[in-house]
Amino acid sequence: MLRNLLWSTSKHGVYLMQNYSVMHWSSLLGKGEEVLNVARPLAPTMKYPGSASQTLSRVQISTMAVRDGLMAAGGFQGELICKYLNQPGVAFATKISNGENAITNAVDISYSPTGSMRVITANNDQQVRIFDAKSFVCTNHYAFPWSVNNTSVSPDDKLLAILGDSPECLLADAQSGKVVSNLKGHLDYSFSSAWHPDGRILATGNQDTTCRLWDIRNTSQSIAVLKGRMGAIRAIKFTSDGRFMAMAEPADFVHIFDTQSDYGTCQEIDLFGEIAGISFSPDTEALFIGVADRTYGSLLEFNRKHYHHYLDYVL
C-alpha cells in the first residue's frame, strides 16, 4: 500500500489520518482536532463551473497532501477530495477514475510557472491529471503505459517526475507533459520521489529496496544508490534547508541521511509497525513518523539535535 498520510505544516502541527478522520494534531497542546470526516457523505459546498464535482461517501483515503491552506486527499476508488483548511466543508470532491482498480496513489500540490496553484493526481489507471486549485477544472491529463504511483514537481515548478509500475522514472515538462528524460537504473517498480530544495537532485524510491539520487544536469546514470533494510522505499522527504533526507520503508525502518556528507552519514530509526508517512516540520526542527498499526498505531516526533562546538583558545 502506498503510504503518505502525514503532513507537518508547522513546528508543532501535523495532519494525519485516524480511521475515517483527517485530524490535526498539536504537539504543543497535546491534543487532536478533527478536520474532515470521510465516513459521512461528502457534498462539495462550492459550485465551480466546468468542474466535475460530486457527492462521495465513505471514502477510504489512500494518500494526502497539505500545502498553503489546501488539503488534497485521494481514495482507494479513484476519488479526489480538496478542502480549504480555513473554510468549512469540502470545496471539491469527485471520482476521477471509475476503473476497477482505480486507486489514487498520490496527490501533490504545486504551483504552475505562472504562479497558480494546482493539484496533481497519480492513478492506477495509468494517468496523471492536473487540476486548477481555484476552479477545480482538470486542465491537463497525461497517459502512460503503466500505473502511476507518484509524481513530484521540481522547486522551480518546471519539471515533473513521474514514477510507477516500471523500473524507469520519467522527467517531463510540467506544463506540456512532454517527457524530456528517462532515468534508468532501478530494478523494480518505483513508489516515491522528492526534490532537493536546490532543484538539482531528484531522489527516487523503489521496490528494489533502494533510493537513487539523480543529478538532473546529467541523467545518464544515478550519482548514488542508498540502500534500505528490507522493504521498498515508500516515502522520501528532504528538510526545507536541504541538509537532511529521510526515507521510509513500508514498516519498521526510517533512514535519515546527512546530505552534506554526500549522503554518507545515516541515522536509522528502528520502530515497530507499518509506516503511514513521514514529514519534516517546515523549520526542519522536527521529524514526524506515523505508525499505522492496529495495536500500536501512533504518531512519533523526533527533534533535531544541535551540536555546538567551541574552539580551544590557547593564551
Side-chain angles (χ1 to χ4, degrees), residues 1-5 17 52 56 59-65 72-82 94-110 118-131 138-153 159-174 176-195 202-212 214 219 222 228 231-236 247-251 274-277 292:
M1 194 149 94
L2 305 181
R3 296 284 193 181
N4 220 336
L5 298 172
M17 282 301 301
L56 303 175
V59 177
Q60 194 182 353
I61 288 183
S62 54
T63 184
M64 61 185 265
F76 279 90
Q77 305 296 321
E79 301 96 340
L80 172 64
I81 301 160
C82 296
T94 195
K95 254 192 167 186
I96 53 179
S97 177
N98 289 306
E100 191 143 308
N101 182 17
I103 178 173
T104 303
N105 289 318
V107 288
D108 190 23
I109 300 169
S110 68
R118 56 194 180 172
V119 177
I120 302 175
T121 62
N123 280 71
N124 252 22
D125 68 355
Q126 308 182 341
Q127 300 228 22
V128 169
R129 294 172 177 83
I130 299 178
F131 292 83
C138 182
T139 57
N140 247 327
H141 60 92
Y142 314 122
F144 297 92
W146 26 260
S147 295
V148 185
N149 294 329
N150 175 268
T151 64
S152 60
V153 179
L159 286 173
L160 179 66
I162 302 153
L163 308 84
D165 287 0
S166 164
E168 297 175 4
C169 304
L170 305 179
L171 277 182
D173 180 282
S176 67
K178 183 175 183 289
V179 174
V180 295
S181 201
N182 197 334
L183 313 181
K184 295 183 178 180
H186 279 302
L187 307 175
D188 209 328
Y189 293 173
S190 295
F191 293 118
S192 54
S193 65
W195 293 83
L202 172 69
T204 56
N206 191 276
Q207 181 77 35
D208 64 13
T209 74
T210 71
C211 165
R212 284 181 180 257
W214 311 84
T219 57
S222 56
I233 306 304
R234 293 282 181 154
I236 305 171
M247 66 183 203
E249 299 185 34
E274 286 192 35
I275 295 166

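Below, all heavy atoms of this structure are taken into account, side chains as well, without hydrogens, waters or symmetry copies. Owing to the predicted nature of the structure, the values given are computational and were not obtained by experimental measurement.
With rounding to the nearest 0.5 Å, the separation of CG in L56 from OG1 in T94 is 7.0 Å. Here the CD-CG distance, from Q127 to N140, works out to 11.0 Å after rounding to the nearest 0.5 Å. Between L163 atom CG and F144 atom CZ the span is 10.5 Å, to the nearest 0.5 Å. Atom CG of residue L160 and atom OG1 of residue T151 lie 5.5 Å apart, to the nearest 0.5 angstrom.
Using a 3.5 Å distance cut-off with no hydrogens or angles, the side chains of D208 and T210 do pair a donor with an acceptor. Side chain to side chain, N150 and N105 fail the donor-acceptor criterion of an N or O pair below 3.5 Å. Checked by atom type, the side-chain pair T204/S190 shows no donor-acceptor distance below 3.5 Å. Looking only at atom types and distance, the side chain of S193 has a donor-acceptor partner in the side chain of S152 under 3.5 Å away.
Between the side chain of E168 and the backbone N or O of N182 there is no donor-acceptor pair closer than 3.5 Å. Listed for the N206 side chain is a donor-acceptor partner under 3.5 Å among the backbone atoms of D188. Without hydrogens or angle criteria, S62 side chain to G74 main chain gives a donor-acceptor distance under 3.5 Å. No side-chain donor-acceptor contact under 3.5 Å links T104 to the backbone of L80.
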*Output, in order, the C-alpha distance, side-chain angles, deciding distance and verdict of side-chain contact (heavy atoms from CB on, under 4.5 Å) for W146 and I162.*
CA-CA 11 Å; W146 26 260; I162 302 153; 4.1 Å; yes
*In sequence, state the C-alpha distance, the side-chain angles, and the governing distance for Q207 and R234, and then conclude on side-chain contact (heavy atoms from CB on, under 4.5 Å).*
CA-CA 8 Å; Q207 181 77 35; R234 293 282 181 154; 4.1 Å; yes
*Start with the C-alpha gap between I130 and Y142, add the side-chain angles, then the distance that decides, and say whether side-chain contact (heavy atoms from CB on, under 4.5 Å) holds.*
CA-CA 9 Å; I130 299 178; Y142 314 122; 3.7 Å; yes
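Contact annotation: the side chain of L171 never approaches that of W214 to less than 4.5 Å [non-hydrogen atoms, C-beta and beyond]. Between L202 and L183, some side-chain heavy-atom pair lies under the 4.5 Å cut-off. Within the 4.5 Å cutoff, no side-chain heavy atoms of V107 are placed close to those of I120.
With respect to S222, the side-chain hydrogen bond (donor to acceptor under 3.5 Å, both in side chains) criterion is satisfied by exactly one of R212, H186, K184: R212. Looking at D125, I103, N124 one by one, the single match for side chain to side chain contact (heavy atoms under 4.5 Å, CB included) with S147 turns out to be N124.
Taking every heavy atom of both residues into account, A102 and N123 meet most closely at O-ND2, 3.1 Å. Residues A122 and N149 come closest through the heavy atom pair CB-C, 4.2 Å. Here the closest heavy-atom approach between residue S110 and residue V153 is recorded as OG-CG2, 3.6 Å. Minimum heavy-atom separation, C211 to I233: N-CG1, 4.0 Å. For the residue pair I61 and F76, the shortest heavy atom distance occurs at O-CE1, 3.5 Å. Of all heavy-atom pairs spanning R129 and H141, the tightest one is CG-CB, 3.8 Å.
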